[in-house]
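Taking it in order: structure first as structure tokens, then the write-up.
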Number of protein chains: 2
Amino acid sequence: MDQDIEQRQLYSVNQLADELGITARAIRFYEQSGLITPRRAGANRVLDRRDRGRLMLILRGKRLGFTLAEIREYLDLYEGDRSQFRQVQKLLDLTRQRMAELEKQRADLEQTIGELRSIERQAREALEAASKNEPS
Amino acid sequence: MDQDIEQRQLYSVNQLADELGITARAIRFYEQSGLITPRRAGANRVLDRRDRGRLMLILRGKRLGFTLAEIREYLDLYEGDRSQFRQVQKLLDLTRQRMAELEKQRADLEQTIGELRSIERQAREALEAASKNEPS
DNA sequence: AAGCTTGTTGACGTTAACGTCATGTCGTGC
DNA sequence: GCACGACATGACGTTAACGTCAACAAGCTT
């Protein structure tokens, strides 16, 4: 069925770790922290597309400076029970809260990038001026 | 003179810590790490506008997920010797490198914000639909 | 003079997010 | 049947960025 088709692609810890540029230890740690729940074949972990997707979200979260605990909440946003009022309310709250954080971060980012651009321009001009005065 | 006018505003560690929403311990730690070098009045630290500015840069850097070591490099960009070729070259390199990082981060950020918006919309619609079916 | 406040310097504790062994198991090729 | 490689599970080590606490000093205030 569809599931078989969709989830045909399977990985071992090391395979996926390699592909994502992390270590198997990290993946095991994420599992232990409850961020992913890969299946098993005997004792061995078997990761699928879904695990891969979550791992990519985890890595993005880390790049954005979130802790694993925060990332966990974020992941829950995706798969929370969307049928109950309370759940949806909480979802809405968390989402808005997180968005506020991210938008502040975006402002910081824009400003910093702007300043770096300015520094870069100054440095470039200084080099150009120097090469005019001292054409080796 | 101008300096006296500009730097009239002075702070104790705790004053400035309060204002910036951090602790005095953190400020002392930043000093120990070489990120700031406040003056002294006897044994007591005396912080001025410049220290305040650097601290704000430090905090912004942290919000952007940089380590203190990286922030230190970043701060040096602002006050590095801009008269020597090697220095300026290095400055240019570091700046561009950092800008690349930040622009990647910005992409991550845009995508995440977009996803959160979508989740928020879904949650909002679910709530609205529910309130139509069950008008308490 | 005594006490309170606000500061100082160590020194040690803490948390997050893994890294790094040590040791054990399982399937496979030879 | 045995070596080998890939995996597993503890257990302990590590780093960054402070928190916390003890012990002390200086400057008021009563």
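Below, each value reflects all heavy atoms present in this structure, side chains not excepted, and no hydrogens, waters or symmetry copies. Sequence lines set the chain letters: A, B, ... in the order given, protein chains first and strands last, and positions in each chain run from 1.
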Whole angstrom value for the distance that separates [atom2] of [N] from [atom1] of [X]:
X	N	atom1	atom2	answer
A/I71	C/dA16	CD1	C1'	12 Å
B/I58	D/dA16	CD1	C1'	15 Å
A/Q15	D/dG5	CD	P	17 Å
A/R40	C/dT25	CZ	P	16 Å
A/I22	C/dC18	CD1	P	8 Å
A/I27	C/dC18	CD1	C1'	13 Å
B/L10	C/dG7	CG	P	14 Å
B/R72	D/dA16	CZ	P	13 Å

Could you tell me whether [X] and [Y] make a salt bridge, using a distance below 4.0 angstrom between a side-chain N and a carboxylate O?
X	Y	result
B/K132	B/E128	no
B/E110	B/R106	no
B/E125	B/R121	yes

## Note on the structure
Which of D/dT9, D/dA17, C/dA17 is nearest the side chain of B/F29? It is D/dA17

### B/A43 side chain, from C-beta outward: closest of D/dA16, C/dT8, C/dA17
C/dT8

### Task
Check whether the side chain of A/R28 and the base of D/dT9 form a donor-acceptor pair under 3.5 Å.
no

Would you please confirm or rule out a distance under 4.0 Å between OP1 or OP2 of [N] and any side-chain N or O of [X]?
X	N	result
A/K62	C/dA16	no
A/Y30	C/dA17	no
A/S12	D/dC7	yes

### Query
From B/N14 CG over to B/I22 CD1, what is the distance, rounded to the nearest 0.5 angstrom?
10.5 Å

#### Entry: Whichever of A/R25 and A/N44 has its nearest DNA chain D nucleotide further upstream toward 5'
A/N44

#### Entry: Lys NZ or Arg CZ of B/R54 over B/Y30 ring: under 6.0 Å, within 45°
no

### Query
Which part of the nucleic acid does A/T23 contact within heavy-atom distance under 4.0 Å: base, sugar-phosphate only, or nothing?
sugar-phosphate

